[in-house]
Structures are given as C-alpha cells and as structure tokens.
Amino acid sequence: MDKGLHFVFCVLTTVLLLRESSHAGENIWPTMLDTDLMGPEENLPTLTVTTILEDPYVMVRRAELEGYCIDLLKALASMLHFSYKVKVVGDGKYGAVSSNGSWTGMIGEILRKEADIAVAPLTVTSAREEVVSFTTPFLQTGIGILLRKDTMSQEMSFFHFLAPFSKETWTGLLFAYVLTCFCLFLVARLSPCEWNEPKNEENHFTFLNSLWFGAGALALQGVTPRPKALSVRVIAAIWWLFTIALLAAYIANFTALLSSGSEQLPIQTFEDLVKQRKLEFGTLDGSSTFYFFKNSKNPIHQMIYEYMDKRRDHVLVKTYQEAVQRVMDSNYAFIGESISQDLAAARHCNLIRAPEVIGARGFGIATAQASSWTKKLSIAVLKLRELGDLDYLRNKWWETSCLHKSRERWSPLQPQALGGLFLTLAIGLALGVIAAVVELSNKSRHAAGHVKKSCCSIFTEEMCTRLRIKENARQSQETSGRANA
C-alpha cells in the first residue's frame with residue numbers, strides 16, 4: 001500500500017513539474033557534440049545559446065533542433081572546443097528597444113545574462129552594436145519584397161506581341177527591310193539579265209513590288225515577280241535566310257516571354273510597391289528591417305515606413321512563418337531579408353521575390369560586450385568561410401524541389417544578339433550589287449566591240465539609261481524652256 005501511494009505521489013509531482021516548465025516557456029534543448037571531437041565534457045566551457053525558430057536556420061524535428069544555425073554552432077564548437085545548450089528565445093523576438101527603454105528578444109537575453117551568445121538570423125545593426133558585440137557576418141543578405149505570383153499578374157498590353165524584340169532591334173529590322181528592298185529594286189534595274197531592253201521592256205521590280213517581295217519573304221510566302229538574274233537571286237536568297245533566322249528568334253523569345261511571365265510583374269522595385277494600391281505590405285514587428293525604413297532619409301523608404309507605422313496592428317507580423325502564410329493567403333507583400341525570401345520562393349513555388357534588393361547587411365553572432373568569445377568566434381567564422389564550409393551549409397539547407405522550376409529572368413532580344421545575322425545580310429546585299437555591276441559591265445564590253453566605242457562610255461550610257469538619268473534631265477530642260485517661253 002505504501003509503495004502504491006509513493007508511486008502515485010511521484011507521478012503527480014512529475015506532472016506538476018512538467019506543467020510548470022511548460023508555462024515558464026524555457027524550451028531548452030541540450031545539444032552535446034561527439035566526445036571524440038570535443039574531449040572530456042567536464043574540461044570544456046559551456047555556453048548558453050539563445051536562438052529563434054525560423055526555417056531553415058533553426059527547426060524542430062523529432063523533438064530535436066536542426067538547421068543552418070545548429071550546424072554552424074556544431075562546427076564552431078568543434079573548432080573552438082566548447083559545449084553548449086540551446087535555448088529558444090522566450091518572447092519569440094529578435095531584439096528591439098521597447099517603450100520602457102529595455103531590449104526585447106535575443107538581444108535582451110544577452111544583456112540580462114540569460115544567454116552567452118545568440119546564433120540566429122540576427123542582423124547586424126548600429127543600434128544593436130551599441131549594446132552587444134557582433135562577430136564577422138556568416139551570411140550576407142539585403143531587404144527584398146516577397147509576393148505571390150498571381151497577385152502580381154496584370155493584363156497584357158495591346159502591343160505585347162512587340163515585346164520579344166527591343167525598340168532598337170525593331171528599328172534595325174525596319175532599316176534592314178527597306179535597305180534590302182531598295183537593293184532589289186536597284187539591282188533589278190542594273191542587271192541586263194533581269195532587264196535586258198530598258199527602252200522596250202517594262203521592269204517588273206518596281207520599288208513597290210520590291211517592298212511586296214520582301215514582305216512576302218517575312219511571311220514565308222512566295223510572291224511575284226520572280227527574280228531571273230543571278231545578282232537579284234543572291235539578294236533574294238540572303239533575305240530569305242535572314243527572315244527564317246529572324247522568325248526563329250522571334251518565336252523562341254516570344255515563347256520564353258509567355259512561359260516566364262517576368263514581363264507581367266508590375267512590382268519590380270520598392271517605388272512600384274508604394275505606387276500600387278492592390279497589395280498591403282509590411283514587415284516583422286520590431287525587426288531591423290522596420291527600423292531601417294524608419295531611419296532612412298530616402299523619400300520612398302519614408303513613405304513605406306509611414307504606411308507601416310499607421311497600420312502597425314494590421315500589416316506588421318510577429319513571425320516569419322506568419323508572414324509567408326499571409327503572403328500565400330491574401331493580397332499581402334512581405335518586406336524582409338532577401339535570403340530568407342529566396343528560400344520561401346523556392347519552397348513555395350507560387351511565391352516570387354521582386355528583383356530589387358536594398359540595404360546590404362549581414363547575419364552575425366551576438367555576444368556580450370567585452371566578451372572574450374567575440375574575437376574567437378569571428379576568426380572561426382572566417383576560417384569556415386575560407387574552407388568552404390559556409391557555402392556547403394548554404395547549399396545544404398537552401399536545397400528545394402522547386403529549383404528545377406526556376407527560370408532565368410527574361411529580357412527583350414537586343415541588336416547585339418542578332419549582330420551576325422545583320423552582318424550576313426549586309427555581305428549578301430553587297431555581293432548582289434557587285435554581281436549586278438559585273439553583269440552590266442560584261443554586256444557593255446560586248447556592245448563596245450560591235451559599235452566601236454569605249455567600254456566605259458557604253459557602260460555609262462547603259463547605266464544612265466537604266467536609271468533614266470538623261471531622260472529626267474531632258475524632261476527637266478524641256479520644262480524649264482517652256483516656262484521661260
């Protein structure tokens with residue numbers, strides 16, 4: 001009987017203790033490294049490490065903590081030979097000055113000596129640096145905008161079909177089209193194989209017909225008149241090749257445009273975010289990002305701060321997970337650390353980060369001021385970076401199934417990309433003109449032998465006849481004579 005009462009008493013005591021610890025919110029996970037790496041536990045200094053739950057830095061998996069910061073902490077402990085116990089911050093905040101002047105979050109726990117160091121995605125700022133010390137940053141980041149893809153879609157413009165090529169490319173194509181048609185018109189008049197008797201025959205390759213011929217090639221359609229001379233066929237063939245390559249480039253770029261959707265993102269910058277009225281936007285309450293906009297002198301940044309400050313209770317979020325979930329569920333844009341947003345966009349394929357990133361900053365390990373661990377940890381972080389361990393951890397924890405769906409940002413095709421195509425066309429036009437001159441000179445040489453004149457004079461007369469220079473001059477003289485009479 002006494003043993004039974006003793007057992008019941010022990011059970012009740014254990015339940016009460018567990019309930020008390022859960023209300024206290026201590027959340028402590030002791031984490032010890034392998035003894036072969038650290039040596040005897042009793043000979044090692046033990047550090048209390050405060051952190052915050054945020055994917056992928058610190059996560060709970062099967063009642064244990066894991067993540068980027070946990071792996072970083074293990075590497076530092078192995079290098080500097082210390083043991084540690086990890087403690088999740090009680091108020092769930094990073095660290096900011098409260099209304100009564102005290103610090104909250106992980107910074108406050110270090111100041112109150114509840115923790116020795118803070119290993120977390122904690123941004124190095126001047127305000128925090130005044131009260132604690134930071135090591136060399138172990139991750140570089142900035143401030144970006146996280147959005148849901150379907151909230152950013154907009155109607156395509158009426159001339160969206162022109163988007164695959166830049167304005168400069170379209171200008172170059174128009175010039176190439178007009179120049180090619182003019183060369184067709186010119187060569188068809190100069191070549192005796194195309195226009196044998198200028199006085200008795202009609203030249204079908206007028207300038208308008210040449211324009212129609214060039215347009216038909218752009219549509220991959222055969223149109224009349226059909227070239228007969230080698231010189232005209234050279235120009236026609238090179239124009240056909242040019243149009244085929246051009247259409248292939250247009251179709252490929254237009255397909256990439258439709259599939260990427262990058263041109264349908266109306267919010268590219270923070271200025272775009274301020275000007276729009278469809279999306280609400282905010283950041284983590286009390287985070288360094290919020291104070292960045294508060295202290296910035298940039299007018300756009302001030303407008304963002306005033307918007308968030310006036311709607312503080314509605315647009316500011318408590319945790320990063322809440323921010324991501326709100327972006328996915330509503331018309332909300334989250335302003336925060338770009339490196340964390342990249343992970344969210346990779347884990348959730350319907351999210352995307354806007355291109356602009358501002359406020360370059362870094363994540364560092366916070367320690368108490370004048371702590372002997374600051375320099376040791378900084379040197380250890382630098383060594384890990386030099387050894388490539390930080391890059392390995394970055395790749396390990398940012399790996400995602402959405403990576404295969406990511407696409408490069410689309411941009412209109414520039415003239416430089418078609419430079420070789422334009423050069424080939426220019427060479428073909430030059431060859432066509434040279435061939436026409438050779439054909440005309442050959443005819444002039446044969447005609448000069450029959451009429452006993454010099455080849456140059458026959459060539460000049462033939463050239464003037466085909467270009468109707470003399471006839472136009474004679475008509476102008478007759479017109480001026482009648483006017484004088």
Side-chain angles (χ1 to χ4, degrees), residues 52 54-55 57 92-97 104-105 121-123 125 127 139-155 261-363 402 406 409:
I52 193 169
E54 181 177 330
D55 187 10
Y57 303 99
K93 295 183 178 180
Y94 292 85
V97 182
T104 62
L122 189 61
T123 306
T125 64
L139 269 181
Q140 298 295 332
T141 183
I143 300 176
I145 308 170
L146 183 67
L147 311 112
R148 197 172 73 248
K149 291 180 180 179
D150 56 0
T151 61
M152 301 177 60
S153 61
Q154 64 178 9
E155 294 183 359
S262 61
E263 286 299 300
Q264 303 176 33
L265 306 182
I267 299 179
Q268 302 281 334
T269 64
F270 284 88
E271 184 176 359
D272 297 335
L273 183 64
V274 172
K275 291 180 178 179
Q276 59 83 37
R277 293 293 179 267
K278 182 179 179 181
L279 300 179
E280 296 179 325
F281 54 88
T283 186
L284 289 173
D285 188 12
S287 64
S288 61
T289 301
F290 179 81
Y291 289 99
F292 170 84
F293 288 100
K294 180 180 179 180
N295 300 325
S296 175
K297 303 300 181 183
N298 188 302
I300 300 297
H301 300 170
Q302 279 297 307
M303 293 173 64
I304 293 176
Y305 167 72
E306 292 172 1
Y307 174 89
M308 295 190 298
D309 190 49
K310 291 179 180 178
R311 301 165 177 82
R312 175 186 293 266
D313 296 335
H314 185 60
V315 300
L316 296 184
V317 294
K318 301 299 182 182
T319 64
Y320 182 79
Q321 290 78 8
E322 178 188 350
V324 173
Q325 193 63 40
R326 188 168 177 180
V327 173
M328 296 174 61
D329 296 340
S330 62
N331 291 337
Y332 181 78
F334 174 63
I335 302 175
E337 303 293 346
S338 60
I339 192 170
S340 299
Q341 292 177 349
D342 289 338
L343 177 69
R347 296 281 175 87
H348 307 280
C349 300
N350 62 332
L351 300 183
I352 188 172
R353 180 176 61 80
E356 185 180 32
V357 176
I358 61 174
R361 61 204 26 219
F363 292 155
C402 285
S406 62
R409 189 184 172 191

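All values below were derived from every heavy atom in this structure, side-chain atoms included, with hydrogens, water molecules and symmetry-related copies excluded. None of these values were measured; they are calculated from a predicted model.
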Starting at [atom1] of [X], measure out to [atom2] of [Y] and round the result to the nearest 0.5 Å.
{"X": "R148", "Y": "L146", "atom1": "CZ", "atom2": "CG", "answer": "11.0 Å"}
{"X": "T319", "Y": "D285", "atom1": "OG1", "atom2": "CG", "answer": "11.5 Å"}
{"X": "E306", "Y": "R311", "atom1": "CD", "atom2": "CZ", "answer": "10.5 Å"}
{"X": "I358", "Y": "I300", "atom1": "CD1", "atom2": "CD1", "answer": "10.5 Å"}
{"X": "K297", "Y": "Q302", "atom1": "NZ", "atom2": "CD", "answer": "7.0 Å"}
{"X": "E322", "Y": "F334", "atom1": "CD", "atom2": "CZ", "answer": "9.5 Å"}

Least distance between heavy atoms, [X] atom then [Y] atom:
{"X": "G286", "Y": "A96", "result": "O-CB, 3.2 Å"}
{"X": "T123", "Y": "E337", "result": "OG1-OE2, 2.9 Å"}
{"X": "Q341", "Y": "R353", "result": "OE1-CD, 3.4 Å"}
{"X": "L351", "Y": "A344", "result": "CD1-O, 4.0 Å"}
{"X": "R361", "Y": "S288", "result": "NH1-OG, 3.0 Å"}
{"X": "Y332", "Y": "F281", "result": "CE1-C, 3.9 Å"}

Are the side chains of [Y] and [X] in contact, using a 4.5 Å heavy-atom criterion?
{"X": "I267", "Y": "L279", "answer": "yes"}
{"X": "F270", "Y": "I145", "answer": "yes"}
{"X": "D55", "Y": "R347", "answer": "yes"}
{"X": "Y291", "Y": "T125", "answer": "no"}
{"X": "Y307", "Y": "L273", "answer": "no"}
{"X": "E280", "Y": "N331", "answer": "no"}
{"X": "L284", "Y": "T289", "answer": "no"}
{"X": "I52", "Y": "P121", "answer": "yes"}

So, T141 side chain and I339 main chain: donor-acceptor pair closer than 3.5 Å or not?
-> yes

Just by distance, do the side chain of T269 and the backbone of E356 share a donor-acceptor pair under 3.5 Å?
-> no

D272 and Q276: side-chain donor and acceptor closer than 3.5 Å?
-> no

Begin from the C-alpha positions of D309 and R312 and carry the test salt bridge (charged side-chain N to carboxylate O under 4.0 Å, His left out) through to its verdict.
-> CA-CA 5 Å; D309 190 49; R312 175 186 293 266; 2.9 Å; yes

Let me know which of F292, F293, F290 forms a ring pair (Phe, Tyr, Trp, His ring centres under 6.0 Å) with Y305.
-> F290

Evaluate the criterion side chain to side chain contact (heavy atoms under 4.5 Å, CB included) for residue pair H301 and N295; output intermediate values, then yes/no.
-> CA-CA 9 Å; H301 300 170; N295 300 325; over 6 Å; no

